[in-house]
Amino acid sequence: VMGEQPAPVAQPRPAPVVPVASPLFEQADKFVADIEGGFVANDGGKGPTNFGINQRAHPNVDVRKLTPEAAVSIRKQYWDGLSLDRKPPATAMVAYDAAINQGPSYAMELIEITGGDPALMLYQRRLDYRNLAKSPLHKNNLAGWERRLNELSKQLQGLSAETPPVVQPPTAQDG
């Protein structure tokens with residue numbers, strides 16, 4: 001019939017954009033996920049925590065129902081927020097673990113006061129944990145924290161202390 005418009009064709013939906021994780025993030029996150037474990041009803045007096053995600057720090061997340069995949073997505077925000085892909089790998093590993101365990105502000109300050117030297121970062125964290133363990137609330141946590149830092153130190157072996165080059169995305173002129 002003349003003048004009739006063809007039926008609209010359904011357009012395919014674009015695939016969701018999935019952030020690309022660097023191999024270093026994947027290594028650091030595997031370490032953190034393994035060491036954090038699953039659900040803890042009251043983590044160090046700060047309430048429920050699951051996969052390293054604390055309810056108090058993430059009030060809009062029901063950590064009891066958190067999936068491992070959702071936890072990775074939340075933890076990736078810590079990595080990205082500290083621009084750890086732009087730091088030397090060993091620095092990034094220590095800072096990421098500190099951000100998850102002690103908070104992103106602590107991790108940022110740790111990088112600043114140590115100049116990003118991973119050995120100094122580990123030393124400072126050890127001192128801070130020992131001071132924290134003097135409090136009755138944390139006196140039983142020191143052995144676990146020491147174990148964590150010892151395991152992290154093993155993860156750093158073979159990682160570069162050099163800052164990776166900044167890779168620029170290709171432009172239209174690059175073809």
Donor-acceptor pair, side chain of [X] and main chain of [Y], under 3.5 angstrom:
| X | Y | result |
| --- | --- | --- |
| D97 | M93 | no |
| T67 | A70 | yes |
| T91 | G116 | yes |
| N54 | A57 | yes |
| Q55 | V63 | yes |
| N42 | G47 | yes |

Original post:
Less than 6.0 Å separating the ring centroids of F25 and Y96?
Top reply: yes

Subject >> Validation row, ring centre Y78 to ring centre H58 under 6.0 Å >> reply: yes

Original post:
Any side-chain heavy atom of T49 sitting closer than 4.5 Å to one from R56?
Top reply: no

For [X] and [Y], work out which heavy atoms get closest and say how close.
| X | Y | result |
| --- | --- | --- |
| P118 | L156 | CB-CD1, 4.3 Å |
| N50 | G38 | OD1-C, 3.1 Å |
| I113 | Q124 | CD1-CG, 3.9 Å |
| M121 | A95 | CE-N, 3.7 Å |
| A71 | L66 | CB-CD2, 3.8 Å |
| S22 | D85 | OG-OD1, 2.9 Å |

So, taking the atom named [atom1] in [X] and the one named [atom2] in [Y], what distance separates them when rounded to the nearest 0.5 Å?
| X | Y | atom1 | atom2 | answer |
| --- | --- | --- | --- | --- |
| D34 | E151 | CG | CD | 10.0 Å |
| K30 | I35 | NZ | CD1 | 11.0 Å |
| H138 | N140 | NE2 | CG | 11.0 Å |

Subject >> Enclosure of Y123 OH (heavy-atom neighbours >12, cutoff 6.0 Å) >> reply: no

**OP:** Show the numbers, then the answer: is there a side chain to side chain contact (heavy atoms under 4.5 Å, CB included) between Y129 and E146?
**Re:** CA-CA 8 Å; Y129 281 140; E146 293 277 355; 5.9 Å; no

Subject >> Audit row: Q27, Q155, side chain to side chain contact (heavy atoms under 4.5 Å, CB included) steps and yes/no >> reply: CA-CA 9 Å; Q27 179 184 351; Q155 291 285 314; 3.6 Å; yes

Subject >> Salt-bridge contact E36-R148 (side-chain N to carboxylate O under 4.0 Å) >> reply: yes

With a 3.5 Å cut-off and sequence neighbours excluded, list the donor-acceptor pairs that the side chains of residues 103-111 form with protein atoms.
{"from": "Y106", "atom 1": "OH", "to": "D128", "atom 2": "OD2", "distance (Å)": "2.6"}

Original post:
If Ile, Leu, Val, Met, Phe, Trp and Tyr residues are connected whenever their side-chain heavy atoms lie under 4.5 Å apart, and connections chain through other members, are W145 and V40 in the same group?
Top reply: no

**OP:** Examine L137 and L132 and state if one hydrophobic cluster contains both, with Ile, Leu, Val, Met, Phe, Trp and Tyr joined whenever side-chain heavy atoms are less than 4.5 Å apart.
**Re:** no

Original post:
Can a donor-acceptor pair be found between the side chains of W79 and D29 at a distance below 3.5 Å?
Top reply: no

**OP:** Quick one: do R126 and N150 satisfy side-chain hydrogen bond (donor to acceptor under 3.5 Å, both in side chains)? Show the steps, please.
**Re:** CA-CA 10 Å; R126 200 171 301 276; N150 292 339; 3.3 Å; yes

